Structure formats: structure tokens, C-alpha cells
Amino acid sequence: MFALVDCNNFYASCERLFRPDLKHTPIVVLSNNDGCIIARSAEVKALNIKMAQPVFKLRHIIQQHGIVCFSSNYPLYADLSARVMCTLEELACEVEVYSIDEAFLNLKGFEKNIDLNAFALQIKNTVLKNVGLPVCVGIAPTKTLAKLANHGAKMYKATNGVVYLDSPLRIKKLLALVTVDKVWGVGRKISKKLNDIGIYSALDLANANPKHMRKLFSVNIEKTVSELNGTACLALEEVPNTKQQIICSRSFSERVLDYQSMREAICSYTVRAIEKLRLEKQHAKVITISLRTSSLSIHDKQYANSITGKLQIPSDDTRDFTELASQLLTKIWRDGYRYAKAGVMISDFYDQVIHQKDLFEDNTQKTRNPNLMKVLDEINQSGIGKVSFAAEGLQKGWSMRQQFLSPAYTTRWKDLAKVW
DNA sequence: TCTGGGGTCCTAGGACCC
DNA sequence: TCTGGGGTCCTAGGACCC
């Protein structure tokens, strides 16, 4: 048996937690740059405002209904997420943190000893009491079914936020009620293709021939079919896999026109990415940088390009990567475009410092003293101050817009909530 | 004027090996 | 007329997830 615990309207609920005055006010959380809507409170969903809608198109309706906007505040959400996960780990010993707002619990054998309906309620109430965030709980024999049970708990008010699929009959009933695109692993493209061959509900998919589905789609969909029929193919993964790539990319708050600004942006993203690399305790060899104009600005000349470069020896020293990134940028930079976005991707990771050098390669890469990066990270994580690389620039006119940012209530001393 | 960011996995096809 | 079989590695592209 698996449980899936998923926070309701997670980002919106996080913001509301520290603003009890907004308990019944419709609120939304915006993507980076305050561009799109990425989380909505129940009142906003009721207004039929969809996910990922650009906010500038909704100005009118936002004003009309007094919707309160928040820029995304990831330090806050990450901290509250950690609190939710801690609470779950006290309730079950095997927990897989699946995303920032949801986790699978392994409840193998639980059903023999306790009432899982009561347990689901206990999870819901404990998280609400300990952290203050509302969650829904779905329990079922496989992860895919637990996801669907959770979906049911969110969809139907009468469930009180918990659904336990304790019998084949209940499973069948729910499968018949939900459309196939709601199934975990079935996205837009695949559900359209499924519709074309007469598969509309989750039940239709469960009844399909698994081998045929594999042929038509992939091994993943074959597994999904089995999971829908109660055969677990996906195990709980307690230890997170080591990362294979690190991406740092952003849209600019205003279009970038000059080379110098672009270079600063690329270097800043590189600095961030390599910081993350050191947090992962990894070294890497490959960096890809990319830049693009906005395909939505139809009157602009369009240009997009990317380029990949490789160090000779894996490194976690920022200087190696900013140097390489700057060289790469000269090759794909073109004057005369209105750039909207740039990004950096790090890949080809090595977890040991020991590296087999190439006998025939002329090795020119500098050997760096690792202490500098260590000190740098210590200062930047100390909360006392920040140091940065000159290559990142000082003005950063392109850096993202966060007009409605809430305080970091739980992670910064000066932002602590005050109670009068 | 203004439209997010960060990931994973699978497959097909090409190059190559014996 | 008929031209093997089995395998690895890499990359690009596509699909999915939150």
C-alpha cells in the first residue's frame, strides 16, 4: 500500500499561512519575473482562472475581484516543505519526497494492523496542526493509483480530503470517473493519441492490452496500465538519485541588447549553477549556454542558439566555468537582437576528484586551490554578507522582477513575523 | 510593455565493434 | 533469387513531471 500526500494549492497556502487577514481573499502566486500564474487559492480556481495564464492579460479580472498577487518566494516554500516532510517522517518510516509539495509513504502491511481511513485523516490533521498547511491524502495499492486517489480526494468535497481505495470495486469506480489525461504519466500528447483510439477514461486505459500500449507508446505506459490494475511496478525511492544536470536559466525583466549585459547574466547564472554543483558535492566537465529572443514578440527578429564546451578536467571551481562560458558566448552572440532569456546547463558529473588525464592532450587547465570556493560558500551562507564575482556585474538591470515578494518569514531573522 | 524554471526518462538512429 | 547476427555507445528529440 502507498499513500500520496499532496499539499493543497501549496504556494498560495504558504503565503496565506503568514497572512491570516487573507484567509478568504482570492490570492495567486506568480512565476519568476511576475509573468504567469503558477498557484491559485480555491477562490481563484472558482473564478475559472487557469494555471500558467500570463498575468498582464488578467489585470482587469484581478482588479475586479480584488485578487492579491505574490511573487514566488522559494526560500519560504522550501522551508515549509521541509517542515511538512519532517512531520510525514514521524508518521511513517519510509517516505519518498517526490516534489516540493508531495510525498509518497510506503504503508506496506499497515492495512493489517490499522484502519487506513483513520490513518489518512491522522496524516491530514497532523500536518495541519504542526505546519498549518492543508493536504489531501490518497491511499492505494500502487503509486499510480495513490496519485489518482489523491486526485479524487481533491476533486470531491465529500471525501473530506482523504480517499482510501480499499477494494477493486472502489478502484474501478474511481477509474471510470476520471479522464485518462489525469493519470500520472499521461500528458497532453499521449492522451490525445489515446482518445484517437477510443480510450477516454482511466478505466479504458486500465482495460487496454499492456503489450499493445508498449508498442504504441513506451515501456512507461505499459507500466502505467499494470499499476492501474493494482500491480505495483514503481517502488518507493527513499534516497534521491544523484543529479545528472543542473540548470540555471531566466527570462530577463527587460530585453537585453548589449553584449556586456548578456555576459554578466551568463556569468551570474554560471555562478549560481556551480554553487549548486558544490552543494551536490560533485565535479563536472561540461557546460552549455543558451540565449534566445522571445518567440512571443512576433515583431522582433528571432534568434536562438546554444553551445556546449568541455573542461579538460572535472571541476567545481566557479572560475573554470565562468571563463569557459565567456569564451563560448563570443561564438554565439549576435548583435542587433532583443534577447529575452538566457541559460546555463552543467552536465557530465564526477563524484571523485581523482581523474584520469589524457596522455596526449596538452593540458592547460589551471590547478585551483579549493579553499577559495570553500571560503566563498561559507561567507555567502553565513547570512552576514555576500561576495560575488566581478563578472556578474553590479547593476543587473536584467535581473528578474519580483514586485510582490513576501518576506522570508522563516529563514531570515529580520523578516520574522510580528504579533501585536 | 508585459507570457516560468528545473528536472527525468525513453526511443530511434547512426557510428562503430567483432 | 538469395548477402549475418549481436552488441555498445552516443546524441537528438520528444514526452512526461512538478
Side-chain angles (χ1 to χ4, degrees), chain A residues 4-11 28-39 49-60 62 69-74 77-78 81 96-104 143-144 147 150-151 180-194 213-224 233-234 237 240-255 269 272-273 276-277 280 286 288 290 292-300 306 308 310 338 340-349 399-404:
Chain A
L4 177 71
V5 183
D6 192 318
C7 300
N8 305 348
N9 318 328
F10 181 58
Y11 297 166
V28 291
V29 176
L30 309 179
S31 63
N32 278 345
N33 252 330
D34 297 339
C36 297
I37 287 174
I38 57 167
I49 291 179
K50 297 271 180 285
M51 196 73 164
Q53 281 190 276
V55 72
F56 76 91
K57 285 190 178 171
L58 301 169
R59 285 264 181 274
H60 182 69
I62 285 173
C69 297
F70 288 93
S71 304
S72 26
N73 184 346
Y74 288 104
Y77 312 149
S81 170
E96 173 187 341
V97 178
Y98 178 68
S99 76
I100 193 162
D101 75 330
E102 61 189 298
F104 287 103
K143 284 171 119 179
T144 305
K147 271 274 201 186
N150 193 292
H151 178 71
V180 72
D181 59 300
K182 302 292 186 304
V183 175
W184 191 34
V186 177
R188 239 192 22 249
K189 289 279 168 72
I190 290 180
S191 61
K192 186 171 180 311
K193 234 173 125 181
L194 284 169
M213 289 298 114
R214 182 187 187 132
K215 232 180 178 166
L216 237 46
F217 301 97
S218 73
V219 62
N220 291 329
I221 298 297
E222 183 191 19
K223 284 184 188 167
T224 300
C233 301
L234 306 170
E237 288 167 25
N241 295 330
T242 47
K243 277 203 199 328
Q244 313 203 7
Q245 55 178 221
I246 290 170
I247 295 176
C248 187
S249 71
R250 292 259 180 306
S251 297
F252 305 125
S253 56
E254 46 195 65
R255 300 283 186 256
Y269 299 168
R272 279 282 305 134
K276 290 192 211 169
L277 182 69
E280 291 283 313
V286 171
T288 304
S290 58
R292 60 174 316 115
T293 53
S294 168
S295 55
L296 296 157
S297 300
I298 46 170
H299 300 301
D300 286 353
S306 70
T308 297
K310 201 168 185 168
R338 292 165 46 77
K341 184 174 179 176
V344 167
M345 181 170 94
I346 308 295
S347 55
D348 195 12
F349 291 178
S399 67
M400 70 173 159
R401 216 178 352 246
Q402 288 187 305
Q403 204 190 329
F404 314 107

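Remember, predicted model here, so these are calculated numbers, not experimental data. Order of the sequence lines sets the chain letters (A, B, ...), proteins ahead of strands, with each chain counted from 1.
In this entry the distance linking CD1 of Ile346(A) with C1' of dG5(B) reads 16 Å, nearest Å. Atom CE of Met51(A) and atom C1' of dT3(B) are 14 Å apart (whole Å). Summarising the geometry, the separation between CG on Asp300(A) and C1' on dT3(B) is reported as 14 Å, rounded to the nearest angstrom. If you take CD of Gln402(A) and P of dG4(B), they are 15 Å apart, rounded to a whole angstrom. Rounded to a whole Å, the CE atom of Met400(A) is 10 Å from the C1' atom of dG4(B). Put simply, CG on Asp34(A) is 11 Å from P on dG4(B), counting in whole angstrom units. Straight-line distance from the CG atom of Leu234(A) to the P atom of dT8(B): 17 Å, rounded to whole Å.
Close to dC2(B), at under 4.0 Å from its OP1 or OP2, lies a side-chain N or O of Arg255(A). Dashed line: the shortest gap from a side-chain N or O of Ser251(A) to OP1 or OP2 of dG5(B) is under 4.0 Å. A sub-4.0 Å separation between OP1 or OP2 of dG6(B) and a side-chain N or O of Ser249(A) is present. In this model, the phosphate group of dG4(B) is not approached by any side-chain N or O of Arg401(A) to a distance below 4.0 Å at OP1 or OP2.
The shortest distance between side-chain heavy atoms of Val344(A) and Thr288(A) does not fall below 4.5 Å. Proximity of Ile100(A) to Tyr11(A): side-chain heavy atoms (C-beta onward) are separated by under 4.5 Å at one or more points. Put simply, the side chain of Arg255(A) does not reach to within 4.5 Å of the side chain of Thr293(A), judged on heavy atoms.
No contact: Gln53(A) has no heavy atom under 4.0 Å from any strand. If you check every strand for non-hydrogen atoms under 4.0 Å, Lys57(A) touches a base.
For Leu296(A), the listed nucleotide lying nearest its side chain is dT3(B); candidates were dG5(B), dG7(B), dT3(B).
If you find the closest nucleotide of DNA chain B to Arg338(A) and to Asn220(A), the one lying nearer the 5' end belongs to Arg338(A). The residue among Ile246(A) and Tyr74(A) whose nearest nucleotide of DNA chain B lies closer to the 5′ end is Tyr74(A).
When the shell of 6.0 Å around NZ of Lys215(A) is examined, it contains 12 or fewer heavy atoms from other residues, nucleotides or ligands.
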Secondary-structure notation, DNA chain C, from Watson-Crick and G-U pairs under 3.5 angstrom (| other strand)
....||||||||||||||
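With sequence neighbours left out, the side chain to side chain donor-acceptor pair (under 3.5 Å) criterion links Ser99(A) to Asp101(A), Glu102(A).
With C1' as the reference atom, dC17(B) and dG4(C) are 15 Å apart, rounded to whole Å.
Between Phe104(A) and Trp184(A), the ring planes lie tilted relative to each other; the angle falls in the 30° to 60° range.
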5' to 3', nucleotides 9-18 of chain C under a 4.0 Å protein heavy-atom cut-off (B base, S sugar-phosphate only, - none) gives ------SSSS
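Judged by distance alone, the side chain of Ser71(A) and the main-chain N or O of Phe404(A) form a donor-acceptor pair under 3.5 Å.
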